[in-house]
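The basis for the numbers below is simple: all heavy atoms, side chains too, and nothing from hydrogens, waters or symmetry mates.
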Amino acid sequence: FINFLKNYNNSNLTISFSAERSIEDEINRESDSDIGTVLISYIVMFVYISMALGHIQSCRRLLVDSKISLGIAGILIVLSSVACSIGIFSYFGIPLTLIVIEVIPFLVLAIGVDNIFIIVQTLQRDERLQGETLDKQIGRVLGDVAPSMFLSSLSETVAFFLGTLSTMPAVRTFSLFAGMAVLIDFILQVTCFVSLLGLDIKRQERNRLDILCCIKSNEEMSGVQRSESILFLFFKNLYSPYLLKDWMRPIVIAVFVGLLSFSTAVMHNVEIGLDQSLSMPDDSYVMDYFIQLSKYLHAGPPVYFVLEEGHNYTSLEGQNMVCGGMGCNNDSLVQQVFNAAEIGSYTRIGYAPSSWIDDYFDWVKPQSSCCRVYNTTGQFCNASVTDPSCTRCRPLTQEGKQRPQGKDFMTFLPMFLSDNPNPKCGKGGHAAYNSAVNFINNKSDVGATYFMTYHTVLKTSSDFIDAMKKARIIADNITETMGIKEKSYRVFPYSVFYVFYEQYLTIVHDAIFNLCISLGSIFLVTTVLLGFEVWAAVVVSITIAMIIINMFGVMWLWGISLNAVSLVNLVMSCGIAVEFCSHVTRAFTISTKGSRVERAEEALSHMGSSVFSGITLTKFGGIVVLAFSKSQIFKIFYFRMYLAMVLLGATHGLIFLPVLLSYIGPSVNKAKTRAAQERTRGTERERLLYF
């Protein structure tokens, strides 16, 4: 069918078409076309990670000091955690969704890479103590940074697992898989990756080449030299002191408060829904169909007002509650839908409903030639049959002209629903109402029935959502006025698009619930793991909340609507925001400097370069590639949202948070300070703190 219409040519005719499977086919085609773009995005991130982990002392030691194999191992550990998560839940029969495959590797790579950079770069800046073995040194460094990693990973894991309380299947599935992947990733990093790091340092100390570890370099060097990267020196000597100058800090606070005020003012204007044309490739034939549909069609989708089983159609009272003709109630089902169609611009109901019961009453009248039976057998006789034995169903008496009730109603109704319209009787109900009436109890009673009409032309997601809301209001009002609210049946509306748009009726509530649950869990975990530093947890939660609110501001500016995809990204941004905030905050709480400004400067110097080179630059390189995607969904919901996520996280975590801590950060904890001094005595961290 599709191939025929694609190849059909007529200079006087333009055909726009769609089959029931077209949208699914085109989404699959679009996904296949973007596989290359996604792979390039990940390759860019992999190459950067492999190259950035090493600290090259000289050109001659390039292949010795590089850490390409360690970087690849770190990436494989991240991907293994994703595979483990998918495997565990697949074993228990929990279905995998496309959004899990597309989003979770990005999320876990962001979190995992950040931890990898923190471990490796802290070890590179450290100097082995006299008489200290390699395993003792790695243990000491891990004792310094692992609590920070555990803080961020546990906060994210708990936040994601609590996200499974969501009523939205997409968010629930994402949260389940993401929580398990982050937890497994942390376990693998503090076990497998640390072991691999020790092996890599032994290789480096023995002057063996990276990747080709069997080959030994001629360039001899005793031990692995302590080194500080250019980025670390930049943060320590230039960026941190300049950011925390007395005149700069008020400017930073003012700018970020202004951004927060703007985002708060516009966040309620973010559109809800997902334009189905966005899910189509630009060259799709379905795009033409959507355009012509909204341009030329004068009727919207059909809508069915379904009256559930339990209503009595055989009594006069029951008929009057439903029908729309003479003698029917002014607030009957058909009359209320008709009244709604009179103000279609508000109710989104375009036409008066097709009423099987009114057409049945017209069909069964003895004045018409529609309802006839063979006088010998009592079987139905179609109006087109010319047979003298065919007689009227009901006599031309006053009683016969009344509506059929009781047994008569059920006797002739099956005949009406089996009668095909013809020139002599256009009221036959087989074509229009064959599926509108459900018989029960061996056709002795009427079960559920529907009354069909059409919505007005619906073009945007907001139109579809509003049409569904109004139809439900009308149905609820019909249920109430019919007096059946207390009974076991009701009237409800149904249209083919409702199943896709029903989620948007509650998405605002779901978004608030999920984001509040995430923030609450992050606050509790941070409070506990920072040694009940409640104020530090409050500062972290405030910063993450600002990032989320500013994400809504970006969504409004960039035309990103709120739907299942963007809500998953918002929940994910909570997790990534923890990475930007928790490491710097923990470094601040254990700092031994005197003033808040000095502690903020020390925390930013120590953790800022790892966070920036780890999560920010890694993600930025991969995100830029997504801008070249052919898919509108990738461009809008992944490129735009991921870019906003990383930029907002980096600016809040590395600019706003240190300044905020310098003003209202928690006071020095003497017990923690003493413990930190003992733990870092004679190490790189002591030199950083005191010199």
Side-chain angles (χ1 to χ4, degrees), residues 1-31 33 269-304 337-338 340-354 452-471 474 493-505 555-556 558-566 629-637 640:
F1 164 71
I2 292 170
N3 288 335
F4 172 76
L5 287 174
K6 277 184 176 179
N7 298 322
Y8 183 79
N9 279 323
N10 189 320
S11 57
N12 298 319
L13 192 63
T14 301
I15 300 178
S16 298
F17 60 94
S18 174
E20 190 167 351
R21 58 175 291 161
S22 292
I23 292 179
E24 184 178 354
D25 286 346
E26 291 299 281
I27 288 175
N28 290 337
R29 182 169 74 88
E30 183 181 52
S31 300
S33 69
N269 292 323
V270 174
E271 286 191 14
I272 295 173
L274 175 62
D275 187 349
Q276 55 188 351
S277 62
L278 291 178
S279 60
M280 298 293 103
D282 294 334
D283 59 348
S284 172
Y285 64 89
V286 183
M287 285 292 289
D288 292 331
Y289 175 76
F290 287 149
I291 292 168
Q292 306 302 343
L293 203 65
S294 62
K295 188 175 181 181
Y296 295 115
L297 202 66
H298 288 275
V303 55
Y304 304 86
V337 178
F338 175 80
E342 294 292 294
I343 48 172
S345 58
Y346 173 74
T347 61
R348 306 277 185 178
I349 301 296
Y351 300 92
S354 301
M452 189 191 82
T453 181
Y454 291 88
H455 282 298
T456 54
V457 177
L458 309 175
K459 298 182 180 180
T460 63
S461 289
S462 58
D463 290 343
F464 283 98
I465 295 166
D466 187 52
M468 181 169 55
K469 283 182 181 178
K470 297 294 172 50
I474 293 166
Y494 170 76
S495 188
V496 8
F497 69 86
Y498 286 4
V499 68
F500 302 107
Y501 286 89
E502 188 170 12
Q503 59 183 307
Y504 301 123
L505 298 180
M555 288 172 67
W556 178 79
W558 226 339
I560 303 170
S561 56
L562 180 61
N563 49 55
V565 180
S566 54
S629 169
K630 296 177 184 177
S631 163
Q632 288 296 313
I633 282 188
F634 265 79
K635 287 179 183 176
I636 294 172
F637 294 103
R640 294 181 185 179

ask   = Can you tell me if OH on Tyr296 sees more than 12 non-hydrogen neighbours from other groups inside 6.0 Å?
value = no
ask   = Would the number of heavy atoms belonging to other residues, nucleotides or ligands and lying under 6.0 Å from OH of Tyr501 be above 12?
value = yes
request  = Under the side chain to side chain donor-acceptor pair (under 3.5 Å) rule, collect the residues that match up with Asp275, sequence neighbours excluded.
outcome  = Ser277
task = Name all residues meeting the side chain to side chain donor-acceptor pair (under 3.5 Å) criterion together with Tyr289; count only those two or more places apart in sequence or in a different chain, and write none if there are none.
result = none
Side chain [X], main chain [Y], donor-acceptor under 3.5 Å:
| X | Y | result |
| --- | --- | --- |
| Ser566 | Ser561 | yes |
| Ser495 | Pro302 | yes |
| Asp25 | Ser22 | no |
| Ser461 | Gly273 | no |
| Lys469 | Leu505 | no |

request  = Determine whether Met452 and Val303 make a side-chain contact, defined as any pair of heavy atoms from C-beta on separated by less than 4.5 Å.
outcome  = no
message = With heavy-atom distances below 4.5 Å as the criterion, would you say the side chains of Arg348 and Leu458 are in contact?
response = yes
message = So that I know where these two stand, are Phe497 and Phe500 an aromatic pair - ring centroids less than 6.0 Å apart?
response = no
